[in-house]
Trainee: 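Can you keep this structure in mind? I'll have questions shortly.
What's counted below: heavy atoms across the whole structure, side chains too, no hydrogens, waters or symmetry copies. A note on names: the letters A, B, ... follow the listed sequences, proteins ahead of strands, and every chain is numbered from 1. Note that the structure is a prediction, hence the values are computed from the model and not measured.
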Amino acid sequence: MLELFLAKYNYWIVILLMMTGLYIVVARGNLVKKIIGLNVFQTSVFILYISMGKVAGGTAPILTGRDEIFSNPIPHVLILTAIVVGIATTALGLAFVVRIREAYDSIEDDEIDDAEKQDMARDLEGRLP
Amino acid sequence: MTGATLSGIVPHLPALQVVVPLLAAPVCFLLRRGVICWGFATLVSWAAFATSLVLLQVVLADGTIRYEMGGWAAPWGIEYVIDATNAIVLVIVSGIGSAVMPYARRSVMAEIPANQHGLYYTAYLLCLAGLLGVTITGDAFNVFVFLEITSLSSYILVSAGAGMDRRALTAAYNYLVLGTVGATFFVIGVGLLYMVTGTLNIIDLSERVPALQHNRTVHVAFAFIVVGMGLKLALFPLHTWLPNAYTYAPSTGTAFLAATSTKVSVYVLLRFLFVVFAPSYGFMALTLDYVLLPLALIGMVAATVAAIYQYNIKRLLAYSSVAQIGYMVLGIAYGSVEGLTAAILHLFNHALMKGALFLALGCIMLRVGDVTMRGVQGLGRQMPWTMAAFVTGGLSLIGVPLTVGFISKWYLITAALDDGRWPIAAVILASSLLAIIYVWKIVEAAYLKEPPEGRVVREAPLSMLVPTWVLVLANIGFGINAEFTVGVARTAAMGLLGGAP
């Protein structure tokens with residue numbers, strides 16, 4: 001059992017981070033914390049990709065002209081793109097949080113929900129029977 | 001342009017289809033002035049539409065196009081692959097874009113603060129480029145990258161409604177959180193597939209994955225991709241981001257997103273389910289029967305019932321979209337040529353219906369400033385052309401003969417009866433009958449009730465009526481003569497299932 005755990009320790013880290021991230025997204029009411037959770041979640045995917053590119057005994061994938069074993073560079077390249085996407089998402093998400101705070105004066109889920117319920121009630125005021 | 005340069009361009013149309021809108025976005029950002037940006041975005045949309053029409057014609061005449069991006073051959077470079085399935089999706093995405101853009105000027109001027117117009121059109125162009133990119137690319141990771149370009153820009157399109165209602169911000173925020181989770185699930189699935197096959201090219205994947213039908217990693221990849229795309233295409237019960245996003249986005253944003261973005265996700269699901277995984281038996285084939293099929297049926301009924309109780313018509317149409325996505329997923333879940341034909345047909349037809357309906361609603365927003373049941377009261381006489389467009393779109397949504405909605409439902413029901421699954425046909429009919437209720441509620445308010453006293457409303461301007469009616473007439477045109485769309489959908493379905501096209 002312990003052997004199984006140690007042999008695939010990278011996957012255990014991935015799973016742990018993934019679940020932590022998703023849990024924060026679902027369970028936290030603070031909008032900034034949700035974004036942080038999303039970040040942790042995405043980071044787990046970065047590690048999943050990077051660790052699958054590792055070749056036992058391989059070095060960094062730099063062309064030296066010598067015959068060397070090196071790690072698979074493709075996952076690294078893919079994850080560079082994914083990191084950029086992640087940063088853009090975080091930036092946009094935080095920008096929304098700033099605007100939400102300006103509009104609602106709060107970044108807590110439950111307080112915003114209450115404010116929206118009032119908005120909704122106002123929408124229905126002129127409703128005909 | 002001379003004939004020689006034209007024929008020189010044609011081989012590179014697959015690249016231009018995406019690159020033109022993608023490069024146009026930063027140019028639009030630099031142009032800054034609202035009206036200039038609008039003119040520019042309109043021209044780019046029309047160019048993209050023309051490109052997609054030529055591509056569709058070439059694909060139907062000569063078969064699949066494979067284009068090597070930058071001249072790098074397939075396993076190393078990214079290739080664009082165009083067959084009947086994505087050619088028709090390209091046409092619908094860019095076609096809706098070219099109908100929405102001429103309409104956008106007046107609507108955007110009324111709904112969005114003046115200093116944001118340039119940025120709004122920039123976000124629209126990015127969204128268009130992303131949607132076209134997702135559709136055209138033949139590389140699984142590239143799908144993710146374009147998917148995120150699309151998503152990030154659509155969050156911005158939704159949040160642009162904040163000038164009218166602050167709830168646009170929370171809608172965009174929730175869309176961002178769920179959309180990111182969905183896209184990340186998708187990329188986990190792609191990573192796992194890469195782990196077992198060593199390739200990201202969709203054609204190579206389709207050759208290597210079927211040999212691994214019993215591989216646990218492939219099963220996990222399958223689950224992640226189906227759930228991830230399910231979030232993106234708003235499959236019931238993963239649709240919770242959609243009603244608010246569509247309700248509070250600006251009218252033009254809603255019309256464009258409702259008609260295109262979920263459709264492109266449906267296309268990605270189609271491509272991965274039937275080309276990459278191609279399940280014939282076992283775990284993955286059972287998922288179609290025991291997960292997608294029931295969810296589609298429940299979604300069709302539950303979302304239609306939810307739509308009946310809505311007071312805000314934009315939200316009503318958003319719930320109806322969730323139900324309509326159920327029809328598409330139902331066709332996918334059949335897994336037969338008839339089912340896929342129906343799904344692709346409905347993908348095309350629903351874009352026309354929802355495009356027309358949301359554009360008509362945008363006209364009401366401009367003139368009345370209220371798109372609730374109270375807002376449309378008595379509009380049948382005050383805005384006859386807009387309401388006529390809305391009612392025709394509504395009839396199409398129900399599936400009345402001579403509209404595209406009828407064609408979709410005819411094929412969906414025939415596909416169900418072919419397999420002897422008459423209870424499913426009954427559910428389709430029941431949900432169509434329920435749709436009559438919510439369309440009737442609007443018709444009743446518009447034609448049978450008196451307008452509120454003292455409200456003076458003019459008909460919408462021509463620049464908005466013409467694009468709306470173009471889509472309405474397309475609803476009728478493709479409803480009367482469905483030969484072309486059915487032919488393309490059938491070719492596409494056969495291509496997806498690996499039969500002779």
Trainee: Against chain A, label Thr372(B) side chain, backbone, both or neither, depending on which of its atoms sit under 4.5 Å from a heavy atom there.
Mentor: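 For Thr372(B), neither part sits under 4.5 Å from chain A.
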Trainee: Relative to chain B, which segment of Leu78(A) carries a heavy atom at a distance below 4.5 Å: side chain, backbone, both, or neither?
Mentor: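 Both parts, backbone and side chain.
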Trainee: Judged by modelled atom types alone, do Arg167(B) and Tyr104(A) share a side-chain donor-acceptor pair under 3.5 Å?
Mentor: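 Side-chain D/A pair, Arg167(B) to Tyr104(A): absent.
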Trainee: For atom OH of Tyr447(B), is the number of surrounding heavy atoms from other residues, nucleotides or ligands below 6.0 Å larger than 12?
Mentor: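 More than 12 within 6.0 Å, yes.
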Trainee: Between Gln377(B) and Arg455(B), does any side-chain donor sit less than 3.5 Å from a side-chain acceptor?
Mentor: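 On atom types as modelled, these side chains do not qualify, holding no pair under 3.5 Å.
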Trainee: Could you tell me which of Val14(A), Leu48(A), Val84(A), Val45(A) has the largest number of non-hydrogen atom pairs under 4.5 Å with chain B?
Mentor: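 Highest number of pairs under 4.5 Å: Val45(A).
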Trainee: Tell me, side chain or backbone of Ile112(A) under 4.5 Å from chain B's heavy atoms, or both, or neither?
Mentor: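 Contact with chain B involves the side chain of Ile112(A) alone.
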Trainee: At a heavy-atom separation under 4.5 Å, does Leu200(B) approach chain A through its side chain, its backbone, both, or neither?
Mentor: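 Only the side chain of Leu200(B) comes within 4.5 Å of chain A.
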Trainee: So Tyr155(B) and Tyr175(B), would you call those rings parallel, tilted or perpendicular, with 30° and 60° as cut-offs?
Mentor: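 Because their plane-to-plane angle is over 60°, the rings of Tyr155(B) and Tyr175(B) count as perpendicular.
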Trainee: Using modelled atom types only, decide if a donor and an acceptor are shared between the side chain of Gln310(B) and the backbone of Tyr319(B) within a distance under 3.5 Å.
Mentor: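 Between the backbone of Tyr319(B) and the side chain of Gln310(B) there is no qualifying donor-acceptor contact (under 3.5 Å).
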Trainee: With a 4.5 angstrom heavy-atom cut-off, is it the side chain or the backbone of Ala115(A) that approaches chain B, or both, or neither?
Mentor: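 Contact with chain B involves both backbone and side-chain atoms of Ala115(A).
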Trainee: Phe141(B) versus chain A, heavy atoms under 4.5 Å apart: side chain, backbone, both or neither?
Mentor: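 Only the side chain of Phe141(B) comes within 4.5 Å of chain A.
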Trainee: Measuring from atom CG of Asn174(B) to atom CG of Leu242(B), what distance do you get when rounded to the nearest 0.5 angstrom?
Mentor: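 Between atom CG of Asn174(B) and atom CG of Leu242(B) there are 12.5 Å.
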Trainee: For chain B, find which of Val85(A), Asn72(A), Leu38(A) contributes the most heavy-atom pairs closer than 4.5 angstrom.
Mentor: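 Highest number of heavy-atom pairs under 4.5 Å: Leu38(A).
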Trainee: Which value, rounded to the nearest 0.5 Å, describes the distance between Asp123(A) atom CG and Tyr311(B) atom OH?
Mentor: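 The OH atom of Tyr311(B) is 8.5 Å from CG of Asp123(A), to the nearest 0.5 Å.
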Trainee: Would you indicate whether Lys54(A), at its atom NZ, is surrounded by more than 12 heavy atoms from other residues, nucleotides or ligands within a distance under 6.0 Å?
Mentor: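 Above 12, so yes.
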Trainee: Heavy-atom distances under 4.5 Å only: say whether Val190(B) touches chain A with side chain, backbone, both or neither.
Mentor: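 It is both, since atoms from each part get that close.
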Trainee: Between Leu31(A) and chain B, which part of the residue has a heavy atom less than 4.5 Å away: side chain, backbone, both or neither?
Mentor: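 Both backbone and side chain of Leu31(A) come within 4.5 Å of chain B.
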Trainee: Can you tell me which portion of Val145(B) sits under 4.5 Å from chain A's heavy atoms? Options are side chain, backbone, both or neither.
Mentor: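 Looking at Val145(B), just its side chain touches chain A.
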Trainee: If I measure from the heavy atoms of chain B, does Thr89(A) come under 4.5 Å with its side chain, its backbone, both, or neither?
Mentor: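 The answer is both parts of Thr89(A).
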